[in-house]
Amino acid sequence: MTNEEASVEDFNSKIARMRKDLAARGGSLSLSLAAPPLWRIAWRLGLKWTPPLFRSFWVNALAFGSVWAVVWLIAWMYLRFLPMPDGVAAVGSAFFGGLIFSVVTAGVADVHRKRLQLPPWRRY
């Protein structure tokens, strides 16, 4: 077994320990908050992304806001039934929507992290 394969196995066992720990702490969190779909896809691809519940508010806000803005702009470009505003208005509204979405999503993760008193990710 190579170091990379061992490292992926270690990370997968870390994810399993996190899920068990969340269940033991009474975290009635949905799987989509503890391990969002984008993270599960990344993990299957071998990327070792830290789950959102174990990242800082600002890192979560930046990640979720960026994804929102990009997806929203792409949706405007390819879905013809959505009226596309002109350049600056499109970017501005995608930015504003991403800002709102990111603050709310990062805030929800922050509240759950504090309520469940989760340890740092490196302790798993």
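- In this structure, NZ on Lys20 lies 9.5 Å from CZ on Arg17, to the nearest 0.5 angstrom.
- Residues forming a side-chain contact (heavy atoms from CB on, under 4.5 Å) with Leu62 (at least two apart in sequence, or on another chain): Ser66.
- Counting heavy atoms from C-beta on, the side chains of Pro52 and Thr105 never come closer than 4.5 Å.
- Closest non-hydrogen pair, Met18 versus Pro51, comes out as SD-CG, 3.7 Å.
- Listed by chain and number, the residues in a side-chain contact (heavy atoms from CB on, under 4.5 Å) with Val70 are Ile74 (sequence neighbours excluded).
- In this structure, the separation between CZ on Phe57 and OG on Ser102 is 7.0 Å, given to the nearest 0.5 Å.
- Checked against side-chain contact (heavy atoms from CB on, under 4.5 Å), Ala42 has the following partners two or more places apart in sequence or in another chain: Leu47, Trp49.
- Here Arg44 contributes atom CZ and Asn12 contributes atom CG; the two are 10.5 Å apart, rounded to the nearest 0.5 Å.
- For residues 55-64, the side-chain hydrogen bond (donor to acceptor under 3.5 Å, both in side chains) pairs, not counting sequence neighbours, are Arg55-Asn60.
- When side chains are defined from C-beta on, Phe54 does not count as touching Arg122, because their heavy atoms never get closer than 4.5 Å.
- Trp68 meets the ring-ring contact (aromatic ring centres under 6.0 Å, His included) test with Trp72, Phe101; sequence neighbours excluded.
- Closest approach of Ala35 to Trp43, counting heavy atoms only: CB-CZ3, 3.5 Å.
- Take Phe64 and apply the ring-ring contact (aromatic ring centres under 6.0 Å, His included) test, not counting sequence neighbours, and it matches Trp39.
- By the side-chain contact (heavy atoms from CB on, under 4.5 Å) test, Val67 is found to be paired with Leu38, Val71, residues two or more places apart in sequence or in another chain being considered.
- More than 12 heavy atoms of other residues, nucleotides or ligands shown are found within 6.0 angstrom of OH on Tyr124.
- Between Leu22 and Leu118, the closest side-chain pair of non-hydrogen atoms falls below 4.5 Å.
- To the nearest 0.5 Å, atom CD1 of residue Ile15 and atom NZ of residue Lys48 are 11.0 Å apart.
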